[in-house]
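The structure appears right after this line, and notes come after that.
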Amino acid sequence: MSQTQDFKFKIGLVGPSRVGKTSLFAAIAKDAPRLFEGTPFRIVPADGLTEIRMANAKEELEGALLAGEFNPGAVEGTQTDSTLKFRIHSGGYAPGIEFNIRDYPGRWIDPKVRARDHLAKEAWESECEPHLKSSTILIIPVEATVLMEAVESKHRASVPKVLSTASVEAVAREWAKTRNERREEAAVVLFCPVKCESYFSDNGGRNDKSDALFGLVRQVYSSVIDAVQGEASHAEILYCPVDTVGCVEIVSTTWLEESIDGQTVMFPSSDFRVRKDRSGKAAARIRGADNVLIAICQAFVGMQTAKAGEEANEFGEIADDAEEHAEESEGFFGDLWMWATGERDERREFAEDARTAANAKQRIAESFGDAMKRLAGMSFSDRKRQIR
Amino acid sequence: MSASLYLQTRSRTDDYRFVGPQPSSSWWSAFSETKLERPSLVVISRKGKDWKCLLSGIPSVRRDRVGTVIRYTLVIEGNSTGGTGAETFIGRWLDDLARNFVDGTLQSVLDEQFDEETVERITAVEAAGEDAVEEVSRLLSIVSERLAELAGSAVTHSPSSTPQNWLGSTSSSTAIAALRARIRELLAGHQVGCAGVLNLVSSPDEVRAIAEREGSAAVLTLDRQKTMGDRIIDVSAEKKTSRNPQAEREPANLLQLLIQWIISLLKTLLRGKR
């Protein structure tokens, strides 16, 4: 559960409805134990509600793979906003990193929706927007199948609308503006294509179309990349594709005409086959989520190690002042009065407490620094690429 | 039904939203103890006269573009003179919950009025900036009438007395009867607080926190393992038995208080002189 000494961060999430925002974090939470194998680190839900939500997401994924078939419809859409809280720590009393992610219905990113839905507008302005602006990392989930299965020109024409790239660009630009005002903090954008199973050959797939996927992300999101680069030139932009299920593969895709905002837009509808292991079992095999987690850890490392050191120094200065004040002479009568009333002892007790707290902070800063260096030292897997 | 009724659902491509009229605020967002995507029931009466109610997780026959079952959420708001209609909705929802919403009455009545063609048309009309309040209100009135016509389930007698704040299980008929009784009190303005089925609640402490926030709390949890049985856990009683270490540290008698007061007075005088 959450610890008061933890260093806390916010992570922003921006993507349209049903892109897989919640599933991405369920995959990260599920895959993290593998990443931290052989290290003292673990990732846990930082509150009971996140724990239950992640358990529900896991159940949904298992339900989706029931009876050897994959039914993407078994994964619920998000109906309201909520905060997911995770904690990375190395056990015991050592401080860790707590990161909070605001999850919300994807339609809220569209300003036209907020203009006509006052509840969406209020929730966006009071909770989601402030969270996004104060987030050091912005994650943009991308539905890989929309990019890769768009083979005809009429499909490709629908892609920006299906992925809401204009709204994503507006949110990313605002985020980058704030990052530019806080250049002492990290600024990282992670493009995370999800549902990538059919386009990589490193997780049981037969075809490697990873270069094509990377090219399409850069092309379709070029306006988002340019906006971030233009507003915050120091921002790092990474590409971390994730197999949120792992053991599935697209068999066929049909593009269906749907109505969105009164316009006809084409959406892909895919049929999947399940890749079973040698024992004939279909089990989720997440891939690529480790890169997202490493990117998160690395973004926090430098910033927080410095912050931990600053806090320790501040506590040390308070202890120095308290010790000086405790022994300060108040004149003969003043000193006599302080002795009689016990104030001198009180001052010394306070100074002692302040020194104990400063020493504790120093130890925390040192242990946090060591832990962070180990986290930052983890290597990305081959899927991660640098965009800027 | 004199209360106001609101409906949240989605179309194949457009996300969850209220179709037609919208409630004035999303008051339910304070209830992080429940996941609205799963069956949830929240009834609150904060001033004792006005009440608000939310019923979620009602499945429809419709599916979204990914193939996920589309759900309905109903919000009902009114005052102590118009609670009967809300009671009908709540009673149906609890009956449907007992059957895991399989062949549910609420689903069937809502689906009759809000079929795919109707919802797609209404969401398209609203996306174009036009108003669908009148049409949705008319359809919701039909839903209310249809529900009132249908016979309800036999009401189980509630326990003779229940604590002010308690936790029970949705698998217990006694707890469900107690919840219905508490909801009747809230809707009639005889009680201030909250009652409902909150699917993320797992401990009496969480119910206690809700009671402190809302004034009172009667909560059913899903209790899938059925470990709670028919028990109604008195959350208030547990609080009374807890010891308060702060209170134990307080001065035991007046003499101690007097000495402390004199010392603090002398200290203040000395600081004033400096």
Side-chain angles (χ1 to χ4, degrees), chain A residues 16-18 20 22 47-49 51-53 56 60 71-83 104-108 110 112-113 115-120 122-123 126-127 143 161-162 256 258-263 265 267-270 330-331 333-334 337-338 340-343 346, chain B residues 6 8-18 22-29 31-38 40 56-57 63-71 73 75 120-121 123-131 199-203 205-206 222 263-264 266-267 269-271 273-274:
Chain A
S17 169
R18 301 312 324 255
T22 316
D47 63 13
L49 302 181
E51 193 173 4
I52 296 172
R53 281 178 182 272
N56 287 347
E60 284 168 18
N71 167 26
V75 180
E76 289 169 349
T78 301
Q79 196 173 330
T80 188
D81 56 329
S82 63
T83 302
Y104 55 87
R107 71 189 282 268
W108 292 3
D110 185 345
K112 290 197 296 296
V113 165
R116 60 176 186 255
D117 183 339
H118 78 93
L119 296 176
E122 281 161 22
S126 65
E127 300 290 342
E143 198 172 338
K161 190 80 183 165
V162 175
L256 305 170
E258 305 275 6
S259 170
I260 185 163
D261 283 352
Q263 294 174 32
V265 178
F267 281 85
S269 172
S270 300
E330 301 283 353
F333 290 107
W337 175 256
M338 283 207 294
T341 58
E343 189 171 334
E346 277 179 22
Chain B
Y6 307 97
Q8 188 188 62
T9 190
R10 64 167 291 155
S11 69
R12 282 181 57 81
T13 55
D14 201 354
D15 231 335
Y16 283 96
R17 51 188 270 204
F18 283 93
Q22 283 200 336
S24 57
S25 71
S26 44
W27 53 267
W28 52 87
S29 61
F31 287 84
S32 58
E33 299 87 357
T34 200
K35 186 181 177 190
L36 297 185
E37 288 85 353
R38 302 272 169 108
S40 306
S56 81
R63 305 253 168 173
D64 70 11
R65 71 172 178 90
V66 186
T68 305
V69 171
I70 293 174
R71 303 172 297 269
T73 293
V75 170
E120 294 297 323
R121 183 170 44 75
T123 50
V125 161
E126 290 189 326
E130 290 170 39
D131 195 343
N199 55 47
L200 296 180
V201 165
S202 57
S203 75
D205 283 345
E206 288 164 282
L222 295 181
I263 290 173
S264 71
L266 288 169
K267 281 182 183 176
L269 284 172
L270 181 73
R271 284 193 195 108
K273 276 181 187 175
R274 278 193 223 145

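Order of the sequence lines sets the chain letters (A, B, ...), proteins ahead of strands, with each chain counted from 1.
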Can you measure from [atom1] ([X]) to [atom2] ([Y]) and round to the nearest 0.5 angstrom?
{"X": "Thr80(A)", "Y": "Tyr16(B)", "atom1": "OG1", "atom2": "OH", "answer": "12.0 Å"}
{"X": "Trp28(B)", "Y": "Leu119(A)", "atom1": "CH2", "atom2": "CG", "answer": "5.5 Å"}
{"X": "Asp15(B)", "Y": "Arg18(A)", "atom1": "CG", "atom2": "CZ", "answer": "8.5 Å"}
{"X": "Asp47(A)", "Y": "Ser32(B)", "atom1": "CG", "atom2": "OG", "answer": "8.0 Å"}

Worked verdict on Glu37(B) versus Asn56(A) for side-chain contact (heavy atoms from CB on, under 4.5 Å) = CA-CA 11 Å; Glu37(B) 288 85 353; Asn56(A) 287 347; over 6 Å; no
task = List the steps and the verdict of side-chain contact (heavy atoms from CB on, under 4.5 Å) for Arg17(B) and Val113(A).
result = CA-CA 10 Å; Arg17(B) 51 188 270 204; Val113(A) 165; over 6 Å; no
request  = With a 4.5 angstrom heavy-atom cut-off, could you sort out which part of Thr34(B) is near chain A: side chain, backbone, both or neither?
outcome  = backbone
Which portion of Glu33(B) sits near chain A, non-hydrogen atoms under 4.5 angstrom = backbone
message = Can a donor-acceptor pair be found, under 3.5 Å and without considering hydrogens, that links the side chain of His118(A) to the backbone of Ser25(B)?
response = no
ask   = What are the two closest heavy atoms between Gln79(A) and Leu36(B), and how far apart are they?
value = OE1-O, 3.5 Å
query = Of the non-hydrogen atoms in Ser17(A) and Arg10(B), which two are nearest, and what is the gap between them?
reply = OG-NH1, 3.5 Å
key: Option in Thr73(B), Ile70(B), Leu200(B) with maximal non-hydrogen atom pairs under 4.5 Å from chain A   = Leu200(B)
ask   = With respect to chain A, which residue among Ser26(B), Ser24(B), Ser11(B) yields the maximal number of heavy-atom pairs within a distance under 4.5 Å?
value = Ser24(B)
Verdict with reasoning, Glu258(A) to Arg65(B), per salt bridge (charged side-chain N to carboxylate O under 4.0 Å, His left out) = CA-CA 8 Å; Glu258(A) 305 275 6; Arg65(B) 71 172 178 90; over 6 Å; no
